[in-house]
Amino acid sequence: MKTPLHERSLVLVKPDGVQRALVGDIISRFEKKGLKIVGMKMVWADAKLAEEHYDMPKEDKQALGERTIAAYEEKGKKIDKTPVEVAEDVQRRLIKYITTGPVVAMVIEGAHSIAHIRKIRGHTNPLAADVGTITADLTIDSYFISDPDERAIRNLVHASGSPEEAKREIDLWFKKDELHDYDLAIEKVLYSKDWEATRKDLVEGK
Ligand code: GDP
Ligand code: MG
């Protein structure tokens, strides 16, 4: 089995995180975990970048729409649109939200980084998030508050959900020469004295 030792994820501190001066708190959670920031910059996304970022295949739109409709119905609200139409409404709100101010964009690397980062970020809906996660600790927003306002939930951080999503998003936000290769101290701690060789073994899955 190939261990994803150098798995990468695109992480965005969204405009609410920047405006609420939570950038340091958010980044430090990833740093303390032992993940490696290999690229970082502040970007005020234009509509084109935001649209590309939130573009998704039809199946994903269908799934997002179905989830959103189910969440509305749970609250007793009937929706007369198709799941794809509902997903497109959500997408429009997401684009509006992410372009309201600058974001801090990062590429974060490490073994199983996508899964670790998603755990640290917490549930998409802060009301459902476990204590200790970013969405549980740092915001009180919920779909209950955001849906009637017809706005995207302000959940502070975006993090890629899969290796395929990460690749697409990293290529969209970063140029190759904006990503850096260097060693973190934890890599030496975890991978022993002979860590270069160990790393090679891990990558090759020996
Ligand atoms: P994430 O990767 O966990 O941030 O979430 P998704 O990729 O599943 O969805 C992207 C965004 O769509 C979320 O950040 C929410 O703003 C929005 N969204 C997802 N699911 C729902 C839902 O059930 N209801 C509403 N109103 N918005 C949703
Ligand atoms: Mg997502």
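A quick note: this is a predicted structure, and the numbers were derived from the prediction, not measured.
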J.: Give a yes-or-no answer on whether the side chains of Ser160 and Glu169 include a donor-acceptor pair shorter than 3.5 Å.
T.: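 There is such a pair (donor and acceptor under 3.5 Å, judged by atom type) between the side chains of Ser160 and Glu169.
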
J.: With the 4.5 Å side-chain cut-off for hydrophobic clustering, are Leu12 and Trp44 part of the same group?
T.: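 No, no single cluster joins them.
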
J.: If you take all heavy atoms of Ser113 and Ile108, which pair is closest and at what distance?
T.: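 The answer is OG-O, 3.7 Å.
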
J.: Kindly determine whether Ile114 and Glu165 satisfy side-chain contact (heavy atoms from CB on, under 4.5 Å), including the steps that lead there.
T.: CA-CA 10 Å; Ile114 292 171; Glu165 208 175 278; over 6 Å; no

J.: Quick one: closest heavy-atom pair of Gly39 and Leu179, and the distance?
T.: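 Heavy atoms only, the tightest pair is CA-CD2, 4.0 Å.
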
J.: Walk me through it: do Tyr143 and Thr68 pass the test side-chain contact (heavy atoms from CB on, under 4.5 Å)?
T.: CA-CA 10 Å; Tyr143 292 138; Thr68 310; over 6 Å; no

J.: Taking side-chain contact (heavy atoms from CB on, under 4.5 Å) as the definition, give me every residue that meets it alongside Pro148, ordered by chain and number, with sequence neighbours left out.
T.: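 Per chain and number, Pro148 pairs via side-chain contact (heavy atoms from CB on, under 4.5 Å) with no residue.
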
J.: Inspect the contact between Asp149 and Arg154 and indicate whether a charged nitrogen and a carboxylate oxygen are less than 4.0 angstrom apart.
T.: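 So Arg154 does not pair with Asp149 through a salt bridge.
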
J.: Under the side-chain contact (heavy atoms from CB on, under 4.5 Å) test, which residues partner Asp89, sequence neighbours left out?
T.: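 Here the qualifying residues are Lys81, Arg92.
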
J.: Is the cationic atom of Lys41 (NZ for Lys, CZ for Arg) positioned less than 6.0 Å from the six-membered ring centroid of Phe174 and within 45 degrees of its normal?
T.: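 Judged by the rule, Lys41 and Phe174 form a cation-pi pair.
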
J.: As an exercise, state the distance from CD1 of Ile117 to CD of Glu7, rounded to the nearest 0.5 Å.
T.: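 Rounded to the nearest 0.5 Å, the CD1-CD separation comes out at 8.5 Å.
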
J.: For a quick test of your reading: what N or O donor-acceptor pairs under 3.5 Å do the side chains of residues 56-65 make, sequence neighbours left out?
T.:
{"unit_1": "Lys61", "atom_1": "NZ", "unit_2": "Glu88", "atom_2": "OE2", "d": "2.8"}
{"unit_1": "Gln62", "atom_1": "NE2", "unit_2": "Glu66", "atom_2": "OE2", "d": "2.7"}

J.: Is any side-chain N of the basic residue among Glu31 and Lys36 closer than 4.0 Å to the acidic one's carboxylate O?
T.: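 The answer is no: the pair does not qualify as a salt bridge.
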
J.: Spell out, yes or no, whether Ile37 and Val11 are grouped together once hydrophobic residues are joined by side-chain heavy atoms under 4.5 Å, including indirect joins.
T.: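 Hydrophobic grouping puts Ile37 with Val11.
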
J.: Quick check for you: to the nearest 0.5 Å, what is the distance between Asp147 atom CG and Ile153 atom CD1?
T.: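 Atom-to-atom, Asp147:CG and Ile153:CD1 are 7.5 Å apart.
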
J.: Side-chain contact test, heavy atoms from C-beta onward, threshold under 4.5 Å: evaluate it for Arg121 versus Thr135 and give yes or no.
T.: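 Counting from C-beta outward, Arg121 and Thr135 do come under 4.5 Å.
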
J.: What pairs of donor and acceptor atoms, side-chain ones from residues 16-30 against any protein atom, are under 3.5 angstrom apart with sequence neighbours left out?
T.:
{"unit_1": "Asp16", "atom_1": "OD1", "unit_2": "Tyr97", "atom_2": "OH", "d": "2.6"}
{"unit_1": "Asp16", "atom_1": "OD2", "unit_2": "Tyr97", "atom_2": "OH", "d": "3.2"}
{"unit_1": "Asp16", "atom_1": "OD2", "unit_2": "Leu156", "atom_2": "N", "d": "3.2"}
{"unit_1": "Arg20", "atom_1": "NH1", "unit_2": "Leu138", "atom_2": "O", "d": "2.7"}
{"unit_1": "Arg20", "atom_1": "NH2", "unit_2": "Leu138", "atom_2": "O", "d": "2.9"}
{"unit_1": "Asp25", "atom_1": "OD1", "unit_2": "Arg29", "atom_2": "NE", "d": "2.8"}
{"unit_1": "Asp25", "atom_1": "OD1", "unit_2": "Arg29", "atom_2": "NH2", "d": "3.4"}
{"unit_1": "Ser28", "atom_1": "OG", "unit_2": "Gly24", "atom_2": "O", "d": "3.4"}
{"unit_1": "Ser28", "atom_1": "OG", "unit_2": "Asp25", "atom_2": "O", "d": "2.9"}
{"unit_1": "Arg29", "atom_1": "NH1", "unit_2": "Gly132", "atom_2": "O", "d": "3.4"}
{"unit_1": "Arg29", "atom_1": "NH1", "unit_2": "Asp137", "atom_2": "OD2", "d": "3.2"}

J.: In terms of heavy-atom contacts, does CG of Asp55 have more than 12 from other residues, nucleotides or ligands at under 6.0 Å?
T.: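 Counting neighbours around CG of Asp55, more than 12 heavy atoms of other residues, nucleotides or ligands fall under 6.0 Å, so yes.
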
J.: Report yes or no: do Ile69 and Val84 belong to one cluster of Ile/Leu/Val/Met/Phe/Trp/Tyr joined by side chain heavy-atom distances under 4.5 Å?
T.: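 Per the 4.5 Å side-chain linkage, Ile69 and Val84 are not co-clustered.
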
J.: Is it possible for you to say whether Val103 and Met42 belong to one hydrophobic cluster, with membership spreading through side-chain heavy-atom contacts below 4.5 Å?
T.: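 No, because Val103 and Met42 fall into different hydrophobic clusters, even though each may have its own neighbours under 4.5 Å.
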
J.: side-chain hydrogen bond (donor to acceptor under 3.5 Å, both in side chains) with Lys77: which residues, sequence neighbours excluded?
T.: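 With sequence neighbours excluded, Lys77 shows a side-chain hydrogen bond (donor to acceptor under 3.5 Å, both in side chains) to no residue whatsoever.
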
J.: Sequence neighbours excluded, which residues qualify as side-chain contact (heavy atoms from CB on, under 4.5 Å) partners of Phe144?
T.: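 By the side-chain contact (heavy atoms from CB on, under 4.5 Å) rule, Phe144 matches Lys75, Ser142.
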
J.: Between Thr133 and Ala129 (side chain of the first, backbone of the second, donor and acceptor by atom type, cut-off under 3.5 Å), is there such a pair?
T.: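 Flag not set: sc Thr133 to bb Ala129 has no pair under 3.5 Å.
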
J.: Over all heavy atoms of both residues, which pair between Leu35 and His116 is shortest? Give the atoms and the distance, please.
T.: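 In terms of heavy atoms, the two residues are closest at CD1-CB, 4.5 Å.
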
J.: Nearest 0.5 Å, what's the CG-CG distance between Leu10 and Leu172?
T.: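 One finds 8.5 Å between CG of Leu10 and CG of Leu172.
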
